[in-house]
Protein chains: 2
Amino acid sequence: MSHMGYGCLMAVDREHVLRSAAALLTRKSTATMDEVAKAAGISRATLHRQFAGRDALVRALEALGIAECEAALDAARLDEGSASDAVRRLVREIEPAAGLLSFLYTENQLFEGEEQNAGWARLDARVSALFRRGQDSGEFRIDLTPAWLTEALYGLIAAGAWSVHDGKVAANDFQNMIVELLLGGATRREES
Amino acid sequence: MSHMGYGCLMAVDREHVLRSAAALLTRKSTATMDEVAKAAGISRATLHRQFAGRDALVRALEALGIAECEAALDAARLDEGSASDAVRRLVREIEPAAGLLSFLYTENQLFEGEEQNAGWARLDARVSALFRRGQDSGEFRIDLTPAWLTEALYGLIAAGAWSVHDGKVAANDFQNMIVELLLGGATRREES
DNA sequence: CTAGTGTGAGACAAGAATGTCTCACATGGG
DNA sequence: CCCATGTGAGACATTCTTGTCTCACACTAG
């Protein structure tokens, strides 16, 4: 029967294809559909049966990235404890998705004309709310807008992912480098 | 005679074409040679006479970006005064080139295979030296490597340029947002 | 006026990537 | 055993971009 294996087998295959495509496109953002198919171990025909075209594939990757980000936001429990600790948890949880994120980050720069996925707006709102909470509690300075702190976080994650990829930063330092710079800045301060 | 107007007229035309191409590609990094030519007010044939191909154009833009960065580094007098003030001057001087920089920044991500222009290495070295000077003087914390601070600066400049482009950050705040986050971080501190 | 030079417009072929299609093969259930 | 479904391989047309070429036109110096 067609409605049997369809729901379960296709799902895991689709998941596997998406993971492979993410891993490949993270390293080579201009990879061909043929290369993506080979990386996933399937033929171009099958790839094209699952994703109508390159656009559909990128959209699916976007949805995957959004889902992973939302899962990271959930796991980070942004509402609990101090805002600083929440930011630390957020970066820790989001690190596995950093490669995919940096790919989507630059990819979105050339989708400027079209409307962006509503999921990004939701993520932006949640992260912005975290920074705003930190400002309201007196923990964060108020002269940097939550919108900018959110964008800066994305930019630092992308820069961190590329730095690790280029070997300029040790993979183990990824979290600390981002969190410490974002929270504490470069200037030395007296430990209290 | 041909060897007369060649040195002077071609130079200014080339400069104009490069500026136009930079302005266009900053907004739409996938612009066609035809679009680049139209943006510069010349025909595709003439564009192709000045730049052998798209690669040559990008290389020339890269050289332009490097030259502007080096000019900014010179103007910022990185060796004078405190490292913090030097960083402030650097961001201020580099702001006009931020758009071009962010374009080249993402463009270089997909040149991963090829060797990068030696100019970038020189710039990295100069900026790294600035952060190292701040560390040696006790001004900057030593747990963030100069290499990471340099990459983070690039990432923040790109993020700032895109944020301004998307209207998420006011253009007037560009310098402050970057400098304050890079130097001071998000955490509030007592003013001394 | 005339020759030389640079430019714009457009035709043209080459190449790459995409989207679509067909066909043969394997596998798994009836 | 037989059939249906999904897959791989490959051919094919299409589209887009690029690089090259030719030709006509404007301008300018001699």
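Here is how names work: the chains are called A, B, and so on, in the same order as the sequence lines, proteins then strands, and each is numbered from 1.
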Inset, instruction - State whether the distance check finds a donor on one side and an acceptor on the other, under 3.5 Å, for side chain B:Arg44 versus base D:dG19. - result: yes
Legend entry - Nearest-angstrom distance from the residue atom CG of A:Asp34 to C1' of D:dG10: 11 Å
Inset, instruction - Quickly work out the A:His48 NE2 to D:dG8 P distance and round it to whole Å. - result: 15 Å
Inset, instruction - Using whole Å, report how far CG of B:Leu47 lies from C1' of D:dT17. - result: 13 Å
Inset, instruction - Have a look at B:Arg49 and say if it touches a base, only the backbone sugar-phosphate, or nothing, with a 4.0 Å heavy-atom cut-off. - result: base
Legend entry - Salt bridge B:Glu180-A:Arg141, side-chain N to carboxylate O under 4.0 Å: yes
Legend entry - Identified side chain to side chain contact (heavy atoms under 4.5 Å, CB included) counterpart of B:Leu153 within the set B:Thr150, B:Ile157, B:Leu149: B:Ile157
Legend entry - B:Arg88/B:Asp85 ion pair, N-O < 4.0 Å: yes
Legend entry - Side chain of B:Ala45 - closest among C:dT22, C:dT18, C:dA9: C:dA9
Inset, instruction - Could you tell me the separation between the CZ atom of A:Arg14 and the P atom of D:dG6, rounded to a whole number of Å? - result: 16 Å
Legend entry - Separation of atom CZ in B:Phe51 from atom P in D:dG19, rounded to whole Å: 13 Å
Inset, instruction - Could you tell me whether the phosphate oxygens of C:dA17, OP1 or OP2, come under 4.0 Å of any side-chain nitrogen or oxygen in A:Thr32? - result: yes
Inset, instruction - Take the protein atom NZ of B:Lys28 and the nucleotide atom P of D:dT17, then report the distance between them rounded to whole Å. - result: 8 Å
Legend entry - Phosphate OP1/OP2 of C:dG8 contacted by B:Thr46 side-chain N/O (<4.0 Å): yes
Legend entry - Interatomic distance where CG belongs to B:Leu57 and C1' belongs to D:dG19 [whole Å]: 14 Å
Inset, instruction - Remember a base hit wins even if backbone is also touched, and classify B:Arg54 as base, sugar-phosphate or nothing at under 4.0 Å, heavy atoms. - result: sugar-phosphate
Inset, instruction - Using a cut-off of 6.0 Å, state whether more than 12 heavy atoms not belonging to A:Arg126 lie near its atom CZ. - result: yes
Inset, instruction - Just say parallel, tilted or perpendicular for the rings of B:Phe140 and B:Phe131, cut-offs at 30° and 60°. - result: tilted
Legend entry - Per B:Asp13 side chain, nearest of listed nucleotides C:dG8, C:dT7, C:dG19: C:dT7
